[in-house]
Amino acid sequence: MLATIFESISTNILTQPAYIIGLMVLIGMLALKKPWYEAISCMIKAVAGYLILNIGSGGFTSTFKPIVDALSSKFNITASLVDTYTLQAQLLDPANGFLATHADAMLYMSAAFAISIVVNFLLVKFNKITKVRTLYMTGHTLQSYSQNTLWFLVLISPLFYNWPITIAVGIFVGVWAGTGSNFTVEATQKLTGGANFAVGHQSMFGILVVDKLAGKLGNPKDSMDNLKLPGWLSIFTDNVVCTTILMCIFMGFVMGFIGKDTMMTFDTTLTAGTWYPLHIFKVCVNFALYMSILLMGVRMMIGELTKAFRGFADKLLKGSMPAVDAAVTYSFAPSSVPVLGFAMGMIGQLIGMAGLLIFKSPILLLPGFVPLFFDNATLTVFANKAGGRKAAIIVPVLNGLFQVVISLLMLLFFQNIIGFHLNAWPAMFDNNVLLAPFALGSKFLHPVAVMLILSVILLGLTQVYYRRNKEHYWDHMKEN
Amino acid sequence: MLKVLVTCGNGMGSSLMMKLKAEGVFKKLGLDATIDHAPIGQAVSMANSFDLVFCPLSLIDQFKDFTSKDRVKIVSLVNVISEKEMEQKLRENGYVK
């Protein structure tokens, strides 16, 4: 009897990701003692957000699939993007994604997400020992850490799909978020003139590295201030426009390369009478369309989730520092710097992609908006501060190249060793230096051991970092 | 009731923080307001159905077609998550009596 009731709950609620998200938001809002009507409205928005996201991810992957299939059948190569949301779309694809094969995965992913917030909170609470000062506020990236780590583990071995590993992932992600954002405090304070926030995003370790090394590349006094970039470059700051243009150029090239006849056998919407260039344009605009739908869903869902869970931490921890989206720092740099980072990163990626063609790589890589813009713009803002214009040009070129190299390595690893084709690698700096070794390591060692090793390294580095910056380490607490 | 829009590049991380901070500031100043957040591309096209837009200084160029004749007032922020700066800008623009 009890078993049937539980099974009924399980099939009707626990395996329905939208309701899991809704429930999490409802519980969070009620625990924050918000009025019931506000809690219900937030719950509805979170559920709707998830359902919208589903449409976006399903549409995105089904648009991409015929192209990948056609490429692999005609030339025996595959294609992937250097992108974060393309990967998320594949993960959440209602037809073939992680949630389609593991119906209750949203329960695990939400649990890991919630645990990571608690762990980050505890690290700050006991900052006398841990030396962690920052609370990671950027919900959508925190959630993607949990999602990606859990999904990669299941791809590596189905045995890794269980509660103990989920809890370990939550702890690992909490340590990643807490220590990583803590490393950005000094660099961000220097950039903003003491605005008392840190960066909590996917380029935190990149900021630390750039802040240390950029000084060796150039002179900080020789800043970008006087540079006037051509006005047309500014259109790339808009996500939809940028995605459509990038897709038209690169996907157009790939689809032209495949040819109409081959494409027709994989894409039923393409008929002999259709003009091929117009069809290509339609496909590229569809990418941008589904990307916007996906982002709209994420925005609604994460907005509510963040409201429900961040309220706690914010209230309970006076004197802690918020770690926020990297884009907040862009206003503190000369206005040309973020766009310059994008353009230089593009050059770096193009050099890498040209290399792939020359060396006949079995995987074709295409640029995606988020790593290209946000990763490179962020690092460039800090490079310009610490090393002036020379650093602001060299750093994003190198990082663009680095993004391509790690993407290729990881996509080959998943394709040839795990036997799974990823549509993208989320080539943000932190994913490249943490998520990549985590995935590689988990193939050869037990994932809990890998996470333990990485967590110990991160916490140890925080102690070293504290020793080096002792003098002004707790300054922000005085002002608050 | 003041209709306020906060915006950032992707409409994801920064603008959500801006929204949470702005809600606090408006409440503190006793101003009745609803606050929405949106990515910059959308924000520009829907700005005229709002009374006030907060945007990061780095994106202010996107709003260059708006003039004092428009219903909406565009206000840029250097530190988009600073409650102090939001309050100061609200005072400068005469929203606080």
Side-chain angles (χ1 to χ4, degrees), chain A residues 85 136-142 192-197 199-202 231 234-243 288 292 295-296 298-300 302-307 310-311 314 322-339 342 369-370 373-374 377 381, chain B residues 4-28 33-47 53-66 74-89:
Chain A
Y85 285 114
Y136 193 102
M137 310 295 276
T138 319
H140 67 284
T141 54
L142 192 62
T192 61
N196 276 341
F197 69 84
V199 173
H201 212 194
Q202 310 185 70
S234 73
I235 63 169
F236 288 106
T237 53
D238 188 293
N239 194 344
V240 175
V241 178
C242 185
T243 302
S292 330
L295 288 175
M296 183 181 157
V298 174
R299 196 174 299 130
M300 264 173 89
I302 298 297
E304 303 311 318
L305 214 54
T306 309
K307 231 183 349 196
R310 270 306 167 205
D314 225 15
V324 300
D325 193 307
V328 175
T329 61
Y330 298 172
S331 300
F332 293 93
S335 62
S336 56
V337 171
V339 182
F342 163 82
F369 175 70
V370 172
F373 190 89
F374 285 100
V381 164
Chain B
V4 183
L5 182 68
V6 296
T7 180
C8 71
N10 221 9
M12 198 71 79
S14 322
S15 59
L16 183 63
M17 282 299 295
M18 288 168 83
K19 182 174 139 95
L20 295 175
K21 294 284 179 192
E23 277 168 358
V25 171
F26 281 93
K27 205 172 161 191
K28 186 187 146 203
T34 56
I35 299 159
D36 286 300
H37 68 137
I40 185 76
Q42 262 177 42
V44 173
S45 52
M46 61 195 219
V53 172
F54 275 137
C55 97
L57 184 63
S58 55
L59 295 174
I60 191 72
D61 277 359
Q62 307 266 341
F63 289 100
K64 60 177 181 289
D65 293 338
F66 288 84
I74 313 287
V75 173
S76 68
L77 298 168
V78 177
N79 183 356
V80 293
I81 56 162
S82 161
E83 296 179 5
K84 224 164 91 189
E85 189 178 343
M86 279 185 194
E87 187 179 335
Q88 182 203 336
K89 290 274 160 74

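Chain letters run A, B, ... following the sequence lines, proteins first, then strands; residues in each count from 1.
- With a 4.5 angstrom heavy-atom cutoff, B:Leu77 touches chain A only via backbone atoms.
- Contacts between A:Tyr330 and chain B at a heavy-atom distance below 4.5 Å involve backbone atoms as well as side-chain atoms.
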* To do: For B:Glu83 and B:Lys28, run salt bridge (charged side-chain N to carboxylate O under 4.0 Å, His left out): C-alpha distance rounded to whole Å, both residues' side-chain angles, the deciding distance at 0.1 Å, then the answer.
  => CA-CA 10 Å; B:Glu83 296 179 5; B:Lys28 186 187 146 203; over 6 Å; no

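- Residues satisfying the salt bridge (Lys or Arg N to Asp or Glu O under 4.0 Å) test with B:Lys27, not counting sequence neighbours, are none.
- Here B:Leu5 pairs with B:Asp36, B:Ala38, B:Ala43, B:Met46, B:Phe50, B:Val53 under the side-chain contact (heavy atoms from CB on, under 4.5 Å) rule; sequence neighbours left out.
- The residue among B:Asn79, B:Val80, B:Ile81 with the most heavy atom pairs within less than 4.5 Å of chain A is B:Asn79.
- The backbone N or O of B:Val78 lies less than 3.5 Å from a partner atom in the side chain of B:Glu85, making a donor-acceptor pair.
- Heavy atoms of A:Val328 lying under 4.5 Å from chain B belong to its backbone as well as its side chain.
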